[in-house]
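Values reported hereafter were calculated over all heavy atoms of this structure, with side chains retained and with hydrogens, waters and symmetry mates removed. Order of the sequence lines fixes the chain letters, A, B, ..., with proteins taken first and strands second; residue numbering starts at 1 for each chain.
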Amino acid sequence: MSLKIYNVMSRSKEDFVPLTPGVVKMYACGITVSGDAHVGHAYQSVVFDVITRYLRYKGFDVTYVRNYTDVDDNIIKNANAIGQDPMEFAEEHIATIDKQMDALGNNPPTVMARATHCIDDIIKFIEQLIANGHAYAADTGDVYFRLASFPEYGKLSHINMEKNEVAVRKDLEPGKQNDLDFALWKSAKPGEIYWDSPWGRGRPGWHIECSAMNMRFLGEQIDIHGGGRDLIFPHHENEIAQTESVTGRPFAKYWVHCGLVKINGQKMSKSLGNGILLRDMLAKYDADIIRFALLRNAYSNDIDINDSFFPDAARHIYKMYSTLARVNSADKSKADSAKTETKIAEITAEFEHAMDDNFNTGHMIASSFGWFDFIDAELRKPASNYDLSAIAAHIVKLFGVLNILQADACTYISSVKDAFLRTHNITTEFIADRLNARADAKKNRDFARADAVRDELLSMGLQVCDTPHGTEWDIKF
RNA sequence: GGCUUGGUGGCAGAGUGGUUAUGCAGAGGACUGCAAAUCCUUGUAUGCCGGUUCGAUUCCGACCCAAGCCUCCA
């Protein structure tokens, strides 16, 4: 079975064949650090992290470049609003977001590129575009891309600019030769941050930095170019125009875009004030839960976050860890290695079947419910014919591609329980006391009393369970 | 107006030219003093209309509806 990737350019699933066998060059547009990171950024970063991990699982040598755009109009505006130097502002946000990405469980990209660290590359790139007639410098010190010089413009988003009248901006900036031309270099206004260039003091326009950084770190052609779906137009369209105007060759072989995040069915936006910040997510949920929730559907779809979105994921993660923890005490005396191997192969096949289909993590997770059901069913038998701990270890290994379930199961369960008791001000002594009271009542066959104790604990969010090994308590989800 | 993506059971959400995953919720059962957890069984769906086909939810076309992009956006 071979990996298939949905290519936005061709609007179809294609077999994945990299430019160089065994090697993958991937670029995903990261964050413009004009503010705090939100769920949308988290989603996009997790998706491309998992794509990288799966490509490596398949044996590819992956170079994953991701960028921070750390200079742009909004950064300057937002920094000015709080009286901070824009570079300092960007620097602080990058430091914060780096930490959050780590807490989210993302691997650092192979290269974390930054626009302001590549100003020379950007200037060089623009010079090339001017030299071959694709760009022009205005008297104002601005440089624009001449859209008419790139007839294929619109091939990714399938927009025909002549028909797409609404797109034409009427606020024609002085020096622009055509409404559709877009800025490659913007001259600095007095007091604004600037870099020296052949066109005077200024800064890069949006779009050009990604073309320049791609060229610098990955070369003229790459295998996969990704980002959020909102970047298809105009950002990626402009990148294509810039890069292909310089190289004369197709830029990226596969264009991959993840869906957008909605909150309770509504678009997440600043004006609605319904955005969820990554910071707040991380304060409430661990990386296992967040990643599980984000990866439960296909990356190309939008995600709609409702009230049960994260709690649902939390319950599933807890349940899966519970099963893994129970495996530790399984009886191995009747374990058959051939049967175990067959089961492991079957699980692997299901895993790859789902992931090979355009990285369908949602399908993979759905399959995994069957794996856990299998283990739970075997655990009910006195002695399984399977080596359940070997199977569980294999499942954990596969989940490593999603970077989920990688903690020690018993440790995870007990830390969740501890955290629950702490936030609810419950002590283990108290629980032991109530459990003893219930045991006494049960001994006296005073079941009304015993049930009253159980209800009391239940009202505090604790579930009492009688097991063959004695009475235990758990969190009631 | 242009473009894109979708419309699947109570909700969420996959795959598939011919027995329609999975999760939550529901029903029945095993287990239990009763529960919980777990397991087993189970009901309910493919927007509308045409076409291709022996057969379409899946392919094609029209239509309706929704979301997104066309302005900064992951």
Next on the checklist: Rounded to whole Å, please give me the gap between CD1 in A/Ile263 and C1' in B/A74.
Outcome noted: 13 Å
Checklist entry - Closer to the 5' end of RNA chain B via nearest nucleotide, is it A/Ser300 or A/Tyr43? => result A/Ser300
Item to check | Sole candidate of A/Phe48, A/Tyr254, A/Tyr27 that passes ring pair (Phe, Tyr, Trp, His ring centres under 6.0 Å) when paired with A/His225 | outcome: A/Tyr27
Checklist entry - Going 5' to 3' along nucleotides 33-39 of chain B, which nucleotides have protein heavy atoms under 4.0 Å from the base (write B), which only from the sugar-phosphate (write S), and which from neither (write -)? => result BBBBSBS
Checklist outcome for this item: Distance col, row A/Tyr6:OH vs A/His257:NE2, nearest 0.5 angstrom, shows 11.0 Å
Next on the checklist: What's the gap between B/G55 and B/G7 when it is taken at their C1' atoms, as a whole Å value?
Outcome noted: 24 Å
Item to check | Under 3.5 Å donor-acceptor, A/Asp70 side chain and A/Ala90 backbone | outcome: no
Next on the checklist: Using a 4.0 Å heavy-atom cut-off, does A/Gly228 contact any base of the nucleic acid, only the sugar-phosphate backbone, or nothing at all?
Outcome noted: sugar-phosphate
Next on the checklist: Using whole Å, what does the distance between atom P of nucleotide B/C24 and atom CD1 of A/Ile365 come to?
Outcome noted: 14 Å
Checklist entry - Within the side chain of A/Gln100, is there an N or O that forms a donor-acceptor pair under 3.5 Å with the backbone of A/Asp98? => result no
Checklist entry - Starting at CD1 of A/Ile305 and ending at P of B/A74, how long is that distance when rounded to a whole Å? => result 16 Å
Checklist entry - If you measure from CD on A/Glu346 to OG1 on A/Thr348, what distance do you get to the nearest 0.5 Å? => result 9.5 Å
Checklist entry - A/Glu237 has an atom CD; how far is it from atom P of B/U4, in whole Å? => result 12 Å
Checklist entry - Quick one: does A/Glu472's side chain have a donor or acceptor within less than 3.5 Å of a partner on A/Cys465's backbone? => result no
Using a cut-off of under 3.5 Å, enumerate the N/O to N/O pairs linking the protein to nucleotides 12-21 of chain B.
{"residue": "B/A14", "atom": "OP1", "partner": "A/Asn301", "partner atom": "ND2", "Å": "2.6"}
{"residue": "B/A14", "atom": "OP2", "partner": "A/Asn301", "partner atom": "ND2", "Å": "3.4"}
{"residue": "B/A14", "atom": "O3'", "partner": "A/Asn360", "partner atom": "ND2", "Å": "3.3"}
{"residue": "B/A14", "atom": "O2'", "partner": "A/His363", "partner atom": "ND1", "Å": "3.4"}

Next on the checklist: What contact category does A/Ile232 fall into here, base, sugar-phosphate, or nothing, at under 4.0 angstrom with non-hydrogen atoms?
Outcome noted: nothing
Next on the checklist: For A/Asp72 and A/Thr32, which I'm curious about, is there any donor-acceptor pair between the side chains at under 3.5 Å?
Outcome noted: no
Checklist entry - Can a salt bridge be assigned to the pair A/Lys176 and A/Asp181 using a cut-off of 4.0 Å between side-chain N and carboxylate O? => result no
Next on the checklist: Using a 3.5 Å limit on both distances, find every run of at least three consecutive Watson-Crick or G-U pairs that involves RNA chain B.
Outcome noted: B:1-7 with B:64-70, B:10-12 with B:22-24, B:26-30 with B:38-42, B:49-51 with B:59-61
Next on the checklist: Please check: side-chain N/O of A/Thr340 versus main-chain N/O of A/Asp387, any donor-acceptor pairing under 3.5 Å?
Outcome noted: yes
Item to check | Side-chain ion pair, A/Glu456 and A/Arg438, N-O less than 4.0 Å | outcome: no
Next on the checklist: Need one value for A/Asn74: base, sugar-phosphate or nothing, where a base atom within 4.0 Å counts as base even if backbone is also close, heavy atoms only.
Outcome noted: sugar-phosphate
Checklist entry - Do A/Asp288 and A/Tyr412 have side-chain atoms, one donor and one acceptor, less than 3.5 Å apart? => result no
Checklist entry - Checking A/Ser384 side chain against A/Tyr386 main chain: does a donor-acceptor pair fall under 3.5 Å? => result yes
Checklist entry - With a non-hydrogen cut-off below 4.0 angstrom, is A/His235 in contact with a base, only sugar-phosphate, or nothing? => result nothing
Checklist entry - Considering only the C1' atoms, how many Å lie between B/A62 and B/G51, rounded to the nearest integer? => result 11 Å
Checklist entry - Can a side chain N or O of A/His158 be found less than 4.0 Å away from OP1 or OP2 on B/C3? => result no
Next on the checklist: Return whichever of A/Ile159 or A/Lys262 has its heavy-atom-nearest nucleotide of RNA chain B closer to the 5' end.
Outcome noted: A/Ile159
Next on the checklist: In whole Å, I'd like the distance from the CE atom of A/Met101 to the P atom of B/A74.
Outcome noted: 11 Å
Checklist outcome for this item: When rounded to whole Å, the CZ to C1' distance for the pair A/Phe310 and B/C24 reads 17 Å
Checklist entry - So what does A/Gly259 touch, heavy atoms closer than 4.0 Å: a base, only the sugar-phosphate, or nothing? => result base
Next on the checklist: Could you tell me how far B/A30 sits from B/C48 if I compare only their P atoms? Round to whole Å.
Outcome noted: 41 Å
Item to check | Pairwise P distance, B/G29 and B/A36 [rounded to whole Å] | outcome: 13 Å
Checklist entry - Which part of the nucleic acid, if any, lies within reach of A/Val261 when heavy atoms closer than 4.0 Å are counted: base, sugar-phosphate only, or nothing? => result base
Checklist entry - Considering only B/C24, B/A74, B/U5, which nucleotide approaches the side chain of A/Arg315 most closely? => result B/C24
Checklist entry - Could you state the CZ-P distance from A/Phe182 to B/C72, rounded to the nearest angstrom? => result 12 Å
Next on the checklist: What is the distance, to the nearest angstrom, from the CG atom on A/Asp179 to the P atom on B/G2?
Outcome noted: 20 Å
Next on the checklist: Ring of A/Phe374, cation from A/Lys343 - is the NZ or CZ under 6.0 Å from the centre and inside 45° of the axis?
Outcome noted: yes
